[in-house]
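The structure appears below as structure tokens.
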Amino acid sequence: MAVTTAEPVSGISRREFLYYIWGASIALYLAEVGGLIIWFAIPRIKEGTFGGVIRVEASRLPAVNAAPLNEANGRFWLVNLDTTTSEGVERMYQAGDESATTGVVALYKVCTHLGCIYPWNEATNRFECPCHGSKYRLDGRRIEAPAPRSLDRFPVTAYDAEGNVVTDAAGNRLISPSGDGGIGPLVITADVRDKITQFAVDTGTRTDGLVLTLLKDVTSSP
Ligand code: FES
């Protein structure tokens, strides 16, 4: 019976040669997998562009209940609300059963109906979508359909001049609260106002606006 033996190939046996090929294939495979993991792990959205964190100087924050700041780079409106005053109640068309709203909110500039970009209308004191007529209040609450929900929001964080997140007297960090009610306003009390030099809006973390009763059905103002 013929017996086959491994023939030396340039000083190495065929079996050794196959081991080397197999080892090289495994190494190549692992390198590809490692490369893919690193590629996915590296953030591809730069800070300062939509999808990342957009910084807004505190000096640009609108006055309380004033027209919103149009931040085109970040595709959001920055609004500063206070409905604890009668002026604020009027400006915000606050419904009788609503509690007061105070703080800073970042609203996504895309209509929740079919995605049109909507402007702020200073004459009527609300956001009005030119496509199908949806209307929203200064804090993003839906006034009129066909929008299926209020405007979407991004979380806001307040920073000081050293680049640290500002904390209030109780040690709470100034970051938009979020929960079942969506992203709430970032409340700025008098004791921390002067510490804030920048607001950071995370446009990579968008939260759907709430589905609340149309404001036009609960108040006569809009
Ligand atoms: S896209 Fe705004 S109302 Fe339709």
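Atoms within each ligand, like the ligands themselves, are counted from 1 in listed order.
Checking Arg142, Glu144, Arg126, Arg137 one by one against Leu215, the side-chain contact (heavy atoms from CB on, under 4.5 Å) holds for a single residue, Arg137.
Atom CD1 of residue Ile21 and atom CD of residue Glu16 lie 13.0 Å apart, to the nearest 0.5 angstrom.
Disulfide check for Cys116/Cys131 passes, with the SG atoms closer than 2.5 Å.
Put simply, Val110 and Leu114 are part of two different groups of oily side chains (I, L, V, M, F, W, Y) that touch within less than 4.5 Å, one to the next.
Between the side chains of Asn70 and Lys109, a donor-acceptor pair is found at a separation under 3.5 Å.
By the criterion of a separation under 2.8 Å, the protein N/O/S atoms near atom 4 (Fe) of ligand 1 amount to His113 ND1, His132 ND1.
Using a distance-only test at 3.5 Å, with no hydrogens or angles considered, a donor-acceptor pair links the side chain of Thr203 to the main chain of Gly52.
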